[in-house]
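Reviewing the structure listed below.
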Amino acid sequence: MIPNLSPEDEIVNLPKVVNRIREQLSTPFEIFKNIIHISGSVGISIYPRDGSSAEELLISADHAMYYAKESGKNTFRFFQPEMNRAIEQQQVLESSLREAVHSKAFTLHYQPQVNLKDGSVAVEALIRCQHPSLRKLSPAVFIPVAEQCGLIDDIGNWVIQQACADLADFIQDGSKISKVSVNISPHQFKRHNLTEIIRNNLQQYQLEASRLVVEITENVILDNYNSAREHLQELRDLGVSIAIDDFGTGYSSLTYLKQLPIDTLKIDQQFVQGLPDNSDDVYIVKAIAGLASGMELTLLAEGAESEAQLAFIRDELGCHLVQGFIISRPLDIQALKASEFYR
Ligand code: C2E
Ligand code: MG
Ligand code: MG
């Protein structure tokens, strides 16, 4: 606690104090002959503006620290009133997610991925939540919350199991759907037992590993290259295929493409949606197609919505695998079974 601050201290001196604390924290130290480096994220709250009691001030500082961590760690943030609102929304989301996990209120929708050349069909499993306050939310919103509050393992394991069960059912039923893709979130990917879980489910539902595709984003690899490589190799040894989702939107170096066992690049929908008129997007998708063909990777275009986009993907890009609203929206099981993609 720093007493009797003036407005000028707040701007000039507080950051200096915080930086001194961070410098102290970042001095490496030794434990059992290992050099340990740590860093600190600092949240700052000011009396009486950000709270009238020690308890309130600590809560505000805690919220600000959370934001400092979110902004890349090893930095500091002053508390802002909007942080409270955002954190309240986050808490509502979290408790709804907990209820949803408890009452098993999830389903999978499946979006066809069609091969324009031979008509074969795979599907991507996309989770939906039936909890009243989450029903309208995209998993792009609630999956990151599940990651933060430790629910992703429960949810992710359920997705793998349900996708395997459904695919086994499709095959048994004589469907032409041959493969299912499952999205694996960063935290889920880091778990050391992911391969084990996948292996067990493949066994339980008597599925060949080549029928399962694991979709990860580039950032998953960037987060921890060495363990990502080990995990990918384990999955590959099992026989599962690996697709890089949202390709082109991450920040990783392209070196990983030749060093890691990757099968498919999924061109991110933001580039596809600019086709055929946006010249930047045209260059980007052509570069991605060049990479895929040079490195003998399968190419899939995601998010095609119009005939013009579909024509460009097929004729200009020479890409035969397409997923997007122009082919089909994600469908619930009943709609999938009634669709032209099923038989
Ligand atoms: P994604 O894996 O890139 O999935 C594609 C998303 O794009 C889906 O959104 C799909 O509905 C949408 N999409 C497909 N075609 C089109 C199109 O032509 N136009 C437009 N505008 N959108 C299209 P959805 O289902 O809301 O999922 C969003 C994201 O949430 C997914 O992006 C994925 O990152 C994540 N997600 C979904 N299901 C799961 C899951 O089971 N586990 C994990 N970890 N993440 C999931
Ligand atoms: Mg995906
Ligand atoms: Mg994607």
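Atoms within each ligand, like the ligands themselves, are counted from 1 in listed order. If you read the sequence from its start, that first residue is 1, and numbering goes on from there.
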TODO: Tell me the protein N, O or S atoms under 2.8 Å from the Mg ion (ligand 2), in chain and number order.
DONE: Glu124 OE2, Asn183 OD1, Glu215 OE1, Asp245 OD2

Open item on the list: For a quick check under 3.5 Å, do Asp237 and Gln233 share a side-chain donor-acceptor pair by atom type?
Closed with: yes

- [ ] Within a distance under 4.0 Å of any heavy atom of Ala304, pick out the atoms of ligand 1 and give their elements.
- [x] 18 (O)

Open item on the list: Check contact between Pro330 and ligand 1, using heavy atoms of the residue and a distance below 4.0 angstrom.
Closed with: yes

- [ ] Examine the proximity of ligand 1 to Gln269 and report which part, side chain or backbone, both or neither, has a heavy atom under 4.0 Å away.
- [x] side chain

Task: From Asn183, Asp245, Val182 - option closest to atom 42 (N) of ligand 1 by heavy atom - done: Asn183

Open item on the list: Quick test: of every protein heavy atom, which one is nearest to atom 21 (N) of ligand 1, and how far off is it to 0.1 Å?
Closed with: Glu305 OE2, 2.9 Å

Open item on the list: Looking only at protein heavy atoms, which one is nearest to atom 31 (C) of ligand 1, and what is the separation?
Closed with: Leu126 CD2, 4.3 Å

Task: Heavy-atom protein contact below 4.0 Å for atom 7 (O) of ligand 1 - done: yes

- [ ] Using the test side chain to side chain contact (heavy atoms under 4.5 Å, CB included), find all partners of Asn13 that sit at least two apart in sequence or belong to another chain.
- [x] Asp9, Lys16

Open item on the list: For atom 28 (C) of ligand 1, what is the closest protein heavy atom, and at what distance to 0.1 Å?
Closed with: Ser138 OG, 3.6 Å

Task: Note: Lys266-Glu124 ion pair, threshold 4.0 Å (strictly below) - done: yes

TODO: Could you tell me whether Tyr342 and Phe170 have their ring centroids closer than 6.0 angstrom?
DONE: yes

- [ ] If you have a sec, work out which protein heavy atom is nearest atom 30 (O) of ligand 1 and how many Å separate them, to one decimal?
- [x] Ala140 N, 3.3 Å

Open item on the list: For a quick check under 3.5 Å, do Gln148 and Gln90 share a side-chain donor-acceptor pair by atom type?
Closed with: yes

TODO: Tell me yes or no: between the side chains of Arg22 and Ser39, is some donor less than 3.5 Å from an acceptor?
DONE: no

- [ ] Answer yes if the side chains of Ser185 and His187 hold a donor-acceptor pair under 3.5 Å, and no otherwise.
- [x] no

- [ ] Under 4.0 Å from a heavy atom of Ser185: give me the atoms of ligand 1 that qualify, with their elements.
- [x] 44 (N)

Open item on the list: Hydrogens and angles aside, do Gln80 and Tyr67 bring a side-chain donor and acceptor to less than 3.5 Å of each other?
Closed with: no

Task: Test: Glu23 and Arg20 ion pair at under 4.0 Å - done: no

TODO: Using distance alone, with no hydrogens and no angle criterion, decide if Asn219 and Thr217 have a side-chain donor and acceptor under 3.5 Å apart.
DONE: no

- [ ] Would you mind telling me if ligand 1 is within reach of the side chain of Lys266, the backbone, both or neither, using heavy atoms under 4.0 Å?
- [x] neither

Open item on the list: Heavy-atom pairs closer than 4.0 Å: do any link ligand 1 to the side chain of Ile127, the backbone, both, or neither?
Closed with: both

TODO: Please report which non-hydrogen protein atom sits nearest to atom 15 (N) of ligand 1, along with the residue it belongs to and the distance in Å to one decimal place.
DONE: Gln111 NE2, 3.1 Å

Task: Atoms in ligand 1 with a heavy atom of Ile143 nearer than 4.0 Å - done: 43 (C), 44 (N), 45 (N)

TODO: Identify the protein heavy atom lying closest to atom 18 (O) of ligand 1, giving its residue, its atom name and the separation to 0.1 Å.
DONE: Phe325 N, 2.8 Å

Task: Ion pair Asp332/Arg128, N-O distance below 4.0 Å - done: no

TODO: Report the residues that fulfil salt bridge (Lys or Arg N to Asp or Glu O under 4.0 Å) with Glu147, sequence neighbours left out, ordered by chain and then residue number.
DONE: none

- [ ] Looking only at protein heavy atoms, identify the closest one to atom 5 (C) of ligand 1 and say how far it is in Å.
- [x] Glu302 OE2, 3.4 Å

Open item on the list: For Glu30, give me all partners under side chain to side chain contact (heavy atoms under 4.5 Å, CB included), at least two apart in sequence or on another chain.
Closed with: Lys33, Ile35

- [ ] Run the contact test for His109 against ligand 1 with a 4.0 Å cut-off on heavy atoms, strictly below, and give the result.
- [x] no

- [ ] Look at atom 45 (N) of ligand 1 and say whether a protein heavy atom is found at less than 4.0 angstrom from it.
- [x] yes

Open item on the list: Under a 4.0 angstrom heavy-atom cut-off, which atoms of ligand 1 come close to Gln273?
Closed with: 19 (N), 20 (C), 21 (N)

TODO: To the nearest 0.5 angstrom, please state how far the CZ atom of Phe247 sits from the CD1 atom of Ile267.
DONE: 9.5 Å

Task: Element-labelled atoms of ligand 1 that are located less than 4.0 Å from some non-hydrogen atom of Gly324 - done: 15 (N), 18 (O)

TODO: Examine the side chains of Asp166 and Tyr110 and answer whether a donor and an acceptor come within less than 3.5 Å of each other.
DONE: yes

TODO: Using a 4.0 Å heavy-atom cut-off, say whether Ile152 meets ligand 1 through its side chain, its backbone, both or neither.
DONE: neither

- [ ] Could you tell me whether a side-chain N or O of Asp62 sits under 3.5 Å from a main-chain N or O of Leu58, the two making a donor and an acceptor?
- [x] no

TODO: Look at atom 3 (O) of ligand 1 and say which protein heavy atom is nearest, naming residue and atom and giving the distance to 0.1 Å.
DONE: Asp246 OD1, 3.1 Å

- [ ] Using a strict 4.0 Å threshold on nitrogen-to-oxygen distance, state whether Asp169 and Lys337 make a salt bridge.
- [x] yes

